[in-house]
Amino acid sequence: MYGLFTTVSEREAKNLSPVTLAFVGDAVYSLYVREKLVLSSDFSTGKLQKLTSAEVSAHGQNITLERIFPQFTEDEEAIFKRGRNAKKPTRSKSASVAEYNNSTGFEAVLGYLYLTGNYERINELLS
């Protein structure tokens, strides 16, 4: 059965495509940013959407990545590199190739941590 907070083993997560991990990680990061903004401000939904879009963009994720990359474990760095180097089905219209590749790696790490139930690690990295 599947639902919110369903976890898989580290082995199962590592066997997933890095682009699939990034797909999950994109949703995880978007929810994290939305919660942070909603709980720390009293902005209109239009303003919240604009702020969220800026932070979850490839450029915004690249800025966050630069801050947290030194904290990655060996496993997280390996997953990041798999995501960064993976062949992607789409291209970014508003980010450089390097930013887009880095954001995919960043999202892959978040997807991996989420699917393996390491929610505290996600909070540790992002807070």
Side-chain angles (χ1 to χ4, degrees):
M1 181 160 143
Y2 296 96
L4 284 175
F5 310 115
T6 299
T7 61
V8 299
S9 71
E10 289 184 16
R11 186 179 62 73
E12 289 173 299
K14 286 179 181 176
N15 284 332
L16 291 171
S17 154
V19 176
T20 300
L21 291 174
F23 175 76
V24 172
D26 177 60
V28 170
Y29 190 57
S30 180
L31 182 59
Y32 177 87
V33 169
R34 287 168 186 253
E35 278 188 26
K36 178 182 77 169
L37 289 171
V38 165
L39 297 175
S40 67
S41 67
D42 190 25
F43 295 128
S44 69
T45 54
K47 179 73 172 171
L48 290 169
Q49 180 60 38
K50 197 173 268 191
L51 291 169
T52 299
S53 294
E55 199 162 335
V56 301
S57 68
H59 178 72
Q61 288 180 10
N62 207 47
I63 291 169
T64 301
L65 174 66
E66 288 174 2
R67 180 177 53 81
I68 67 171
F69 186 79
Q71 300 172 50
F72 279 0
T73 65
E74 283 184 36
D75 278 349
E76 292 164 353
E77 188 172 337
I79 290 160
F80 165 78
K81 288 178 180 178
R82 283 181 55 219
R84 181 193 64 194
N85 298 334
K87 187 159 180 70
K88 293 146 196 83
T90 59
R91 296 271 176 226
S92 175
K93 296 178 197 111
S94 59
S96 70
V97 172
E99 286 177 327
Y100 187 65
N101 289 342
N102 283 342
S103 71
T104 305
F106 169 74
E107 291 170 346
V109 171
L110 294 181
Y112 171 80
L113 292 171
Y114 177 82
L115 288 175
T116 57
N118 288 305
Y119 313 122
E120 285 300 316
R121 181 64 176 150
I122 293 170
N123 282 323
E124 184 181 312
L125 287 171
L126 297 180
S127 59

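Every heavy atom of this structure was used, including side-chain atoms; hydrogens, water molecules and symmetry mates were not. This one's a predicted model, so the numbers in the text were calculated from it and none came from an experiment.
- Side-chain atoms of Phe80 and Leu65, non-hydrogen and from C-beta on, do get closer than 4.5 Å to each other.
- Between the side chain of Ser53 and the backbone N or O of Lys50 there is no donor-acceptor pair closer than 3.5 Å.
- Rounding to the nearest 0.5 Å places OG1 of Thr104 at 8.0 Å from CD of Gln61.
- Among residues two or more places apart in sequence or in another chain, the ring-ring contact (aromatic ring centres under 6.0 Å, His included) test is passed with Tyr100 by none.
- Here CG of Asn62 is found 10.0 Å from CG of Asn101. Values are rounded to the nearest 0.5 Å.
- Distance CG/Asn123 to OH/Tyr119: 11.5 Å, rounded to 0.5 Å.
- Transitive grouping of hydrophobic side chains (ILVMFWY, heavy atoms separated by less than 4.5 Å) brings Val33 and Val38 into a common cluster.
- Heavy-atom minimum distance, Glu107 versus Ala22: CB-O, 3.5 Å.
- Annotation: the span from Leu125 atom CG to Tyr29 atom OH amounts to 11.0 Å, rounded to 0.5 Å.
- Under the 30°/60° scheme for interplanar angles, the aromatic rings of Tyr114 and Phe5 are found to be tilted.
- For the atom pair CG (Leu39) and CZ (Arg34), the distance works out to 13.5 Å, reported to the nearest 0.5 Å.
- A heavy-atom distance below 4.5 Å is not found between the side chains of Glu124 and Asn118.
- Hydrophobic cluster membership is shared by Val8 and Val24, with clusters built from Ile, Leu, Val, Met, Phe, Trp and Tyr side chains linked at under 4.5 angstrom.
- No continuous path of hydrophobic side-chain contacts links Leu21 to Val19 [ILVMFWY only; heavy atoms under 4.5 Å].
- Note on Phe72 and Leu115: same hydrophobic cluster, where clusters join Ile, Leu, Val, Met, Phe, Trp and Tyr whose side-chain heavy atoms are under 4.5 Å apart, directly or indirectly.
- Leu126 and Val28 fall within the same hydrophobic cluster, defined by Ile, Leu, Val, Met, Phe, Trp and Tyr side-chain heavy atoms under 4.5 Å apart, directly or through other members.
- Side-chain contact between Ser41 and Leu48 is present, with at least one heavy-atom pair separated by less than 4.5 Å.
- Proximity of a side-chain donor or acceptor of Asn15 to a complementary backbone N or O of Arg11 within less than 3.5 Å is detected.
- Residue pairs meeting the salt bridge (Lys or Arg N to Asp or Glu O under 4.0 Å) criterion with at least one partner in residues 71-80, sequence neighbours excluded, are Lys14-Asp75, Glu76-Arg121, Glu77-Lys81.
- Residues Leu110 and Phe106 form a side-chain contact, since some pair of their non-hydrogen atoms from C-beta on lies under 4.5 Å apart.
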